[in-house]
Amino acid sequence: MGAVEVRDGFVALYGAAPDGIWSAPGRVNLIGEHTDYNDGFVMPFALPHTAVAAVSRRTDGVLRLHSADISGDAVELRLDELRPESDKEWTAYVAGVVWALREAGHPVTGADIHLASTVPSGGGLSSSAALEVVVALALNDLYELGLERWQLARLCQRAENVYVGAPTGIMDQTASACCEDGHALFLDTRDLAQKQIPFDLAAEGMRLLVVDTRVKHAHNEGEYGKRRAGCEQGAAQLGVDALRDIPHDGLDEALARLDDEEVRRLVRHVVTENRRVERVVALLEAGDTRAIGPVLSEGHASLRDDFQVSCRELDLVVDTAVAAGALGARMTGGGFGGSAIVLVEAADVAAIGKAVEEAFAAAGLTAPRVFEAVPSPGARRLDPAV
Ligand code: GLA
């Protein structure tokens, strides 16, 4: 659904034109998985799929929320009654941002919001970060808060961690807020230093396919938190602030100091994954784009065997695509379902997509959703152009 429909929906619902219209994208992560809560490196880019929100200010302490994607009336909440972990619906992502802004001392006095999203939900493509960021950007503009993009991302992460109750890192919100058209974002999650890396696969005769397995992932159901706790345990045992501090050439020595096999596997993944991000950045900067393929596939093996966050469907995508001639493939996002990315020669798009679809059909699985991902703009205001 486009900006015009969202604006018209707002008018029909609330009886007046919105103060403005904003959009924020979902993302895929090219490389750097489960590194963000270890102060490590990530490299997402924005998808063309976005959450679009029409928003107006209110001055009476009321928040009205409505999504075109969900049937039912607008939900009405009082700002002074917002309580962390009290809401298990989609509205928590939006109300959580308002809560986080107010808790940080920003004078937000209410809003009417109508939104719609084209980011597949539960597909590991950051549909929740898109919702958070679109609302944060809108309120930042409307209330003239003057917050920078990275600060909005931090507030959105706090909304998700504390208000929603999901212990996620900073990657998704930063990707949605800070990515740029035609680029992947090389992000150091320790200090949020950013480098925009040109990423134009089409110009080099390649494509990146996203395969949404349609297996729903859920971060707040425990496994994500367990991995995170295991990483923190490893860092504590190794006497460092975060696993980011273990250099790649110090990995063997670090592993020798750990006695728990599970913690050793988690540490090995994080340390090697940070290295893979650096390798991908170096290859892209050297113009050696095809050579990132095997690094992506190595990353998948590490997530599958060491971090153990893949699943049968994600492995099937990766194995099938690579066997059918893909340059590389890996799961993307938190795992336990969601999506995989597949790097392919442009000429092989149809054949590899077909091979994956046939493999799913042969295994009796729900047909996956396959689409091409192009690095797209980050969050932005859409009016008055609309
Ligand atoms: C989810 C989280 C991110 C990150 C990834 C794994 O998408 O929201 O913070 O941890 O999983 O890389």
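Each ligand, and each atom within it, is numbered from 1 in the order the structure gives.
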request  = Could you pull out, from Ile31, Thr168, Asp36, Thr35, the option with a heavy atom nearest to atom 9 (O) of ligand 1?
outcome  = Asp36
task = For Gly169, counting its heavy atoms only, list the atoms of ligand 1 lying under 4.0 Å from any of them.
result = 9 (O)
ask   = Does ligand 1 have an atom that lies less than 4.0 angstrom from a heavy atom of Arg228?
value = no
query = Can you check whether Asn29 has an N/O within less than 3.5 Å of an N/O in ligand 1?
reply = no
query = Which of the numbered atoms in ligand 1 are below 4.0 angstrom from a heavy atom of Arg27?
reply = 7 (O)
ask   = If you draw a 6.0 Å radius around CD in Glu144, do more than 12 non-hydrogen atoms from other residues or ligands fall strictly inside?
value = no
Cation-pi, Tyr143 ring and Arg57 (6.0 angstrom, 45 degrees) = yes
Side-chain H-bond candidate by donor/acceptor type, Thr289 with Glu204, under 3.5 Å = yes
inquiry  = Could you tell me, atom by atom, which parts of ligand 1 come under 4.0 Å of a heavy atom of Met171?
reply    = 4 (C), 5 (C), 12 (O)
message = Do the side chains of Arg214 and Glu313 get close enough for a salt bridge, i.e. N-O under 4.0 angstrom?
response = no
message = So if I count the atoms of ligand 1 from 1 in the order they appear, which ones are less than 4.0 Å from some heavy atom of Tyr37?
response = 10 (O)
query = If you measure from the Lys or Arg side-chain nitrogens to the Asp or Glu carboxylate oxygens, is any gap between Asp383 and Arg381 under 4.0 Å?
reply = yes
inquiry  = Between Arg158 and Ala100 (side chain of the first, backbone of the second, donor and acceptor by atom type, cut-off under 3.5 Å), is there such a pair?
reply    = no
